[in-house]
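The figures here come from the full heavy-atom set of this structure, side chains too, leaving out hydrogens, waters and symmetry mates. Starting from 1, each residue takes its place in the sequence as its number. Counting convention: from 1, in listed order, for ligands and their atoms alike. As the structure is a prediction and not an experimental result, all values here were calculated from the model.
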Amino acid sequence: MTQFSEFTDLCIKIESIPGSLEMTDVFAEFLKSVDDDELAVSCYMVMGEIFPAWTGKKLGLGPNLLYSALSKAAGISLDKIKALLRETGDVGETTYKALCEDKKSQSTFSSFFEAEDKSSDDSSDGNSDGSRGLCNSGGRLSIREVYDRLKEIADASGKGAQSQKIKSLQYLFSESSPIESKYIARIALEELRIGIGEGIVRDSIAKAFDVPVAQVEFAFMVTNDLGEVAVAAKKGGSDALVHQNIQVGRPVKMMLAQVTTGIETAFAELDEAAIEWKFDGARLQIHKSGSDIQLFTRRLENVTNSMPDVVKAVTEAVTAENAVLDGEAVAIDENGNPRPFQDILRRFRRKYDVETTSRDIPIHVNLFDLLYADGVSYIEKPLTERRAKLSEIVKPNAKGISVDELKITKDPETANEMYQAALAAGHEGIMIKNPNSPYSPGKRGKNWLKKKPVMDTLDLVVIGGEWGSGKRKNKIGSYVLACYDNIKNVNLEIGRVGTGLSDELLDTLTEQFKDLIEAENGVMLKIKPEVVFEIAFEEIQKSPNYPAGYALRFPRLVRVREDKTIEEIDTIEKIDRMYQGQKE
Ligand code: ATP
């Protein structure tokens, strides 16, 4: 049995390692040391997750709930917790300090800081000088117990759920040492971020159980569950990995596209291209198992219950007994023209009066790919073969669903004609795909290129905000934005947006962000990174004022990307590329 203190030591060690190779070695050793039933849990938790990717589920705990539990466990007031938060700016450090104070029984808050200042200010180094030893000594919980409690917290719903969650967290804090609690708090708020993501976990599994990385990658693509892959690799080695298959009912990550600057440029790289319209809607993955139809969004949320019309359309149109299909759901008006993007999101979100809403906002699904049909996985087969099978299993002229048109051509002019036609029909542009490419779940590469007329926007996460004044009093009037540094695994601030926000939207956003406020300092707010904004701008400028090293000129909110998770925000690498492209 592995103690949570051992997992804490692992986190501390990994945080001090700069390179991914060494991280892989360290985590591989850890995987070798844990029991079979701790393998999956270790893989999820090291990435700061509780659930495997395919569930689309998050812990979803609000910061205030955690602070209440912490205040109870540490026996200090909420105000003191908030003061600590202002001081540290970090939930993990705050938890550590609050609980250390409890352990050291300091009489006053300020004397605690004085004592802290005299000692080293690195709280996570495992030193054992006097009080710090007490703060860092091991608690009583195993990794499994912590995991099970956190899962219980995530699953609690209905009446009394809030107080149940607080009690469970309080229990975790009381049974763990402050240093362990620091990591528990970070996991609970989905902010572990020690630098380990899916790539390193994948490589560590390969290393720990001596199997090829490519096989681990394949198994991950089809199962979408690294915990399950780790167990398969340990128990069945290569043989078990290559026999993993897509499971109908379990969503697979969607393949994504890269921007191309021009049709000609795209053709320069692809001798022959498969051209499709880029529909203006939202991604939908459809799973059919006999009469059971399940629908998943790009975030892998199950939206089946909100879309009875789509379920009906799939039932009538898809002839395969079992299938996994990929497409774009577009909200349409009475003439079949696309309606605004927000309308399709309204359909996804709808829980009541679903039938009425589906009459008010009809949907047409444009299918463009096939991942699985009647026992056969198609993801490794070329696009042309996938499309041929797709056309075979979907009836033509069905109501509400169709296979989109695809033209294979060597001629950029044909692509250009399709581009103009797509725009004239109110869609976004075209997709230029490599006809010989496989379906790569979760990957954004050159095999799918998108061409749109507008300058590319950026998807950024909101990490902070500022209370407004005057007309915007009591509203969060501007939002601090960040992109993602995929090497250092941190969010990098790149500026603020306060334009493009109607009064109505400001009200909605303020309400939405209320539960995500982690700390307040005067008018400034630290916000739990969870909401993605799509931002338009005039230009990217170099700027020493922001950690990203860039600033956006005239940023404007285009829309809230409710269909995107924070794992999908744009990276600093992309912004570097855009900046270079802009100069050229
Ligand atoms: P954008 O903001 O430009 O829509 P994105 O960041 O949402 O892009 P990308 O992966 O960059 O997503 O672009 C591909 C998206 O375009 C898909 O996720 C899908 O929702 C949509 N799409 C529309 N038509 C097609 C098509 N024919 N083939 C693939 N994707 C399509």
Side-chain angles (χ1 to χ4, degrees), residues 251-261 266 273-286 295-301 303 325-332 338 340-342 344-345 348 363-371 383-384 386-387 390-391 401-408 415 418-419 421-423 425-435 437 439-461 483-484 532-537 557-571 574-575 577-578:
V252 175
K253 286 190 189 169
M254 321 260 172
M255 183 165 174
L256 301 169
Q258 251 180 30
V259 188
T260 177
T261 42
I275 316 292
E276 294 164 1
W277 281 13
K278 185 178 193 306
F279 297 96
D280 190 8
R283 195 79 175 258
L284 199 66
Q285 195 176 92
I286 301 169
L295 308 173
F296 299 96
T297 66
R298 176 184 175 126
R299 299 178 66 148
L300 312 185
E301 285 160 334
V303 287
L325 313 147
D326 194 2
E328 187 86 347
V330 181
I332 50 169
F341 174 71
Q342 298 305 337
I344 182 81
L345 294 186
F348 280 172
I363 283 175
H364 188 92
V365 179
N366 300 280
L367 296 170
F368 50 73
D369 223 316
L370 174 77
L371 284 72
L383 174 64
T384 43
R386 301 200 303 275
R387 289 292 305 234
L390 180 63
S391 300
I401 191 164
S402 56
V403 176
D404 82 357
E405 191 191 343
L406 165 135
K407 262 193 200 150
I408 306 238
M418 278 182 80
Y419 179 57
L423 295 181
H427 288 285
E428 284 192 324
I430 48 168
M431 302 292 298
I432 305 173
K433 298 181 178 175
N434 176 350
S437 60
Y439 189 97
S440 317
K443 297 275 177 315
R444 189 186 290 279
K446 289 211 161 84
N447 286 329
W448 283 19
L449 299 171
K450 54 179 173 179
K451 170 70 188 140
K452 298 195 285 187
V454 286
M455 180 171 180
D456 205 20
T457 50
L458 283 173
D459 293 320
L460 302 168
V461 66
C483 61
Y484 180 62
V532 180
F533 277 9
E534 182 177 343
I535 302 290
F537 51 90
L557 175 69
V558 180
R559 55 192 174 185
V560 181
R561 290 299 301 252
E562 283 175 54
D563 60 329
K564 285 200 171 182
T565 61
I566 63 162
E567 285 79 24
E568 296 186 85
I569 61 170
D570 282 313
T571 58
K574 173 171 170 182
I575 296 169
R577 263 189 280 124
M578 285 171 83

What protein heavy atom is closest to [atom], reported as residue, atom name and distance in Å?
atom                    : value
atom 30 (N) of ligand 1 : Phe368 CZ, 3.4 Å
atom 10 (O) of ligand 1 : Ala257 N, 3.0 Å
atom 17 (C) of ligand 1 : Arg283 NH1, 3.3 Å
atom 16 (O) of ligand 1 : Lys278 NZ, 3.0 Å
atom 6 (O) of ligand 1  : Lys564 NZ, 2.5 Å

With heavy atoms under 4.0 Å as the rule, classify the contact between [X] and ligand 1 as side chain, backbone, both or neither.
X      : value
Glu428 : side chain
Thr457 : neither
Phe279 : both

Could you list the atoms of ligand 1 found under 4.0 angstrom from a heavy atom of [X]?
X      : value
Lys450 : 1 (P), 3 (O), 5 (P), 6 (O), 8 (O), 9 (P), 11 (O), 13 (O)
Arg561 : 2 (O), 7 (O)
Asp404 : 27 (N)
Trp448 : 29 (C)
Glu276 : 26 (C), 27 (N), 28 (N)

Is ligand 1 less than 4.0 angstrom away from at least one heavy atom of [X]?
X      : result
Glu328 : yes
Lys433 : yes
Arg444 : yes
Glu534 : no
Arg298 : yes
Lys452 : yes

Does the side chain of [Y] come within less than 4.5 Å of [X]'s, by heavy atoms?
X      : Y      : result
Leu383 : Asp369 : yes
Leu458 : Met578 : yes
Ile344 : Asp563 : no
Asp570 : Tyr484 : no

Review point. So His427 and Trp277, would you call those rings parallel, tilted or perpendicular, with 30° and 60° as cut-offs?
Key: tilted

Review point. Salt bridge between Asp404 and Arg387, side-chain N to carboxylate O under 4.0 Å?
Key: yes

Review point. Got a salt bridge between Arg298 and Glu568, using NZ or NE/NH1/NH2 to carboxylate O under 4.0 Å?
Key: yes

Gap separating the [atom1] atom of [X] from the [atom2] atom of [Y], nearest 0.5 angstrom:
X      : Y      : atom1 : atom2 : answer
Lys446 : Ile432 : NZ    : CD1   : 13.5 Å
His364 : Leu367 : NE2   : CG    : 8.0 Å
Arg299 : Lys253 : CZ    : NZ    : 13.5 Å

Exercise for review: Return yes when atom NZ of Lys450 has more than 12 non-hydrogen atoms of other residues, nucleotides or ligands closer than 6.0 Å, and no otherwise.
Suggested key: yes

Exercise for review: Answer yes or no for Arg386 and Tyr439: cation-pi contact, defined as NZ/CZ to six-membered ring centre under 6.0 Å and angle to ring axis within 45°.
Suggested key: no

